[in-house]
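This report concerns only the one structure given below.
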Amino acid sequence: MAQEYNTNITDQINILIQAPIAVAFLDNNLRYVAHSAKWCEDYKLQYTDIKGMHHYDLFPEVSEEWKVKLQNVLKGAEEYCDEELFSRKDGTEQWLKWNVKPWYDYDNEIAGMIIVSEDITSQVILRKRDQLDYRILLSACTKASIGTWHYNNINGELYWSSATKALHELPEDYQPDASNAILFYKEGDSRNKITQAFINSLTKNESYDLELELITAKGNSIWVRAIGQSDFVDGVCHRQYGTFEDISDRKKKEHQSKLNSEKFQKLFRNSKVGVAIMDATTLQLLDVNNALVSISKINNADLLNSSFEELIDKKDFCIWFDKLQKLLNRKRDHIKQPIKFQGPDGSIIYTQTICNVLEDEYGEPENLVIQIIDITKEKQATQERKVFVDEIMQKNDRLLNFAYIVSHNLRSHSSNFKGLINFYLENDDEEIRSKIMSMLNNSSDNLNQTIEDLNQVVSIQTTHINFHSISLCEFVQKVLGSISLELLNSDYSITLDIEDQLKIDAFPAYLESALSNLITNSIKYRDLNKSLSIIITATQDNGVCTISVSDNGLGIDLSRHQDKIFGMYKTFHNHENANGLGLFMTKNQVEAMGGTISVRSEVGIGSTFTIKI
């Protein structure tokens, strides 16, 4: 009989150890009698056969509490737990569901214990993660004033958070009921949508995220975002939960934005001002109105296949793009800039543009709106006015030059005549008188030539300057002859370095006036402590003649007067005859002949004026 019992026990053990569960048989000394393969697998043992090994040798981390429980089992008790943490020696953790009870021999004596366990670590981690996520969700919702709800499908209990009750304008002690909670949604589309979504969540495990209109307990209409999902166990919905968020402000803004957009589109399409909408990143045109098509003379399709950079003047784009960076970085609130377009026929279209930013829902730049006004006619009128004003100014300059030449050149001749005559009367020496008469004769010839030139000046006020081919060396000598008296009264030396054959095309009256003024300035502003030295040179290169008049006079402080050397009424030395017009007129006369004049000077050393014609 005992043998038959032991055979049955052995058969039962063999069946159990072959089962796909973690099971172990220990004797009274806690040594393994038998075990399933799952036992070694679950506990990650390095052995596959642990029969005869001591339980505490395999699991040295068993707590004292567990050891007491095992001893109680050997005394006939039964221990079990649905969920317990088992911390292993290597630092890993296992969550276990276990049951331990004694097993008996033929004499009904306790022969050891049977331990059945299940590793439920993955299920516990998932559950705790869900619980953590739910706690985080509740915390986040509370901080964001978002309401939460939870419905237990097993017992029919509905929970609303304080924020949910406040959203419905209900008191804190209000107890929600599943049968009437749905009635808060506005009858019609909103109520129908939430009803169907709740049914699909309950029966099909479908989550939902809806924007719906809700009527509060106080009769106020608000818009809410309702989010819901469900938990299923073995194909049955155990619970549903989600959040409520008041989105009334956003919906109002969206509504206003829609109205504004409709107004904008109406203005955009019907505006007489050209308008373009383009991407703030690529500058690709997204939309244009008919006015812009008319202004640019480019059809709608070609405009939309273009970027702003391709359509406008390159220099204008560089300036505009620099301003755009500041606009996008909020360093300015708009761009206002004149911009040139080139039409398909090559014509230039002048416009005035204003650019503003359109932002997305997060306040970031999304698109640009550019208003474009055609100002080509105004620009052309301005240019015509400028041409007219320039012409008037040129005529005025010529009149001023004429007045100067009359007063300067004729006065120079008059003074020369008067001085020579006085000098003649004061001298009895026939040789000197003869020389003076020769000089008077030359001065008379020069005066006649000047008067002829002045006649030509008068004629050019209504026509244009007539250039003549001039033998420069001979011309300079003639100029020197016209101011011979001033030179006669000075301690001077004049050096001419001009080739006899050098000829230039110039207007004689202007050239004479310019050279005469530069030479007389050298005399007027000479250094009285040394002999005056004047050097006049001329060279010609590639059709450009360079004439220089140098002296060793007082010089000019260019560090102080560089910008006003050729200004009207500007003087740089105290001299009774200085009127500040000479260099101003000289510059105008040279430029009227298409030339330039410049100066190098140093105080105490002298000055060099250079004319290029």
Side-chain angles (χ1 to χ4, degrees), residues 383-409 449-450 452-480 482 496-522 535-550 558 562-568 570 580-601 607-613:
Q383 290 175 338
E384 289 172 1
R385 284 195 297 271
K386 185 177 184 304
V387 170
F388 177 74
V389 170
D390 288 345
E391 186 177 344
I392 294 297
M393 292 300 295
Q394 288 176 4
K395 288 184 178 181
N396 184 64
D397 288 342
R398 290 178 184 177
L399 288 172
L400 191 61
N401 284 333
F402 174 73
Y404 175 77
I405 291 170
V406 170
S407 64
H408 184 272
N409 292 20
Q449 183 62 52
T450 297
E452 289 181 11
D453 291 340
L454 289 175
N455 285 331
Q456 186 175 359
V457 169
V458 173
S459 68
I460 67 170
Q461 301 309 308
T462 55
T463 57
H464 62 277
I465 294 175
N466 290 321
F467 285 81
H468 294 269
S469 179
I470 297 172
S471 177
L472 187 60
C473 184
E474 183 181 339
F475 190 85
V476 173
Q477 289 174 341
K478 185 188 73 170
V479 173
L480 290 173
S482 70
L496 286 182
D497 184 10
I498 303 174
E499 294 181 357
D500 291 339
Q501 66 271 24
L502 195 157
K503 292 186 177 182
I504 65 170
D505 291 330
F507 182 48
Y510 283 3
L511 184 60
E512 179 187 355
S513 178
L515 292 174
S516 175
N517 189 59
L518 294 178
I519 295 168
T520 55
N521 274 357
S522 293
I535 301 173
I536 304 173
T537 65
T539 59
Q540 199 166 43
D541 184 30
N542 293 327
V544 177
C545 182
T546 301
I547 306 170
S548 294
V549 179
S550 302
L558 294 182
Q562 179 73 59
D563 296 336
K564 51 188 177 181
I565 281 286
F566 298 103
M568 182 178 282
K570 301 298 180 183
L581 283 173
L583 289 179
F584 169 76
M585 294 305 304
T586 297
K587 180 176 185 292
N588 278 269
Q589 290 160 352
V590 170
E591 290 179 348
M593 294 186 288
T596 62
I597 184 169
S598 59
V599 62
R600 289 183 294 106
S601 186
S607 303
T608 297
F609 286 86
T610 301
I611 296 172
K612 290 181 182 280
I613 299 179

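Numbers here are sequence positions counted from 1. These numbers come from a predicted model, not from an experiment.
Atom CD of E499 sits in a sparse spot, with 12 or fewer heavy atoms from other residues, nucleotides or ligands closer than 6.0 Å. Within a 6.0 Å radius of CD in E591, more than 12 heavy atoms belonging to other residues, nucleotides or ligands are found.
Closest approach of F507 and F467 over heavy atoms only: N-CD2, 3.8 Å. Closest approach of P508 and F475 over heavy atoms only: O-CZ, 3.4 Å. Between K503 and Q540 the shortest heavy-atom distance is O-NE2, 3.1 Å. For the pair M593 and A506, the tightest heavy-atom approach, listed with the atom from each and the gap, is SD-CB, 3.9 Å. When all heavy atoms are compared, the tightest approach of Q589 to A514 is OE1-N, 3.7 Å.
For the pair I547/I498, no side-chain contact is recorded, criterion being any heavy-atom separation below 4.5 Å from C-beta on. Put simply, the side chain of N521 does not reach to within 4.5 Å of the side chain of V549, judged on heavy atoms.
A distance of 5.0 Å separates CG of D500 from SG of C473, quoted to the nearest 0.5 Å. Once rounded to the nearest 0.5 Å, the distance linking CZ of R600 with OG of S548 reads 7.0 Å. Taking CG of L502 as the reference point, atom CG of L472 lies at 5.5 Å (rounded to 0.5 Å).
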### Task
I would like to know whether I536 and L515 meet side chain to side chain contact (heavy atoms under 4.5 Å, CB included); could you show each step before the answer?
CA-CA 10 Å; I536 304 173; L515 292 174; 5.7 Å; no
### Task
I would like to know whether V479 and L511 meet side chain to side chain contact (heavy atoms under 4.5 Å, CB included); could you show each step before the answer?
CA-CA 10 Å; V479 173; L511 184 60; over 6 Å; no
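Across T520, I519, L518, a single residue satisfies side-chain contact (heavy atoms from CB on, under 4.5 Å) together with S516, and that is T520.
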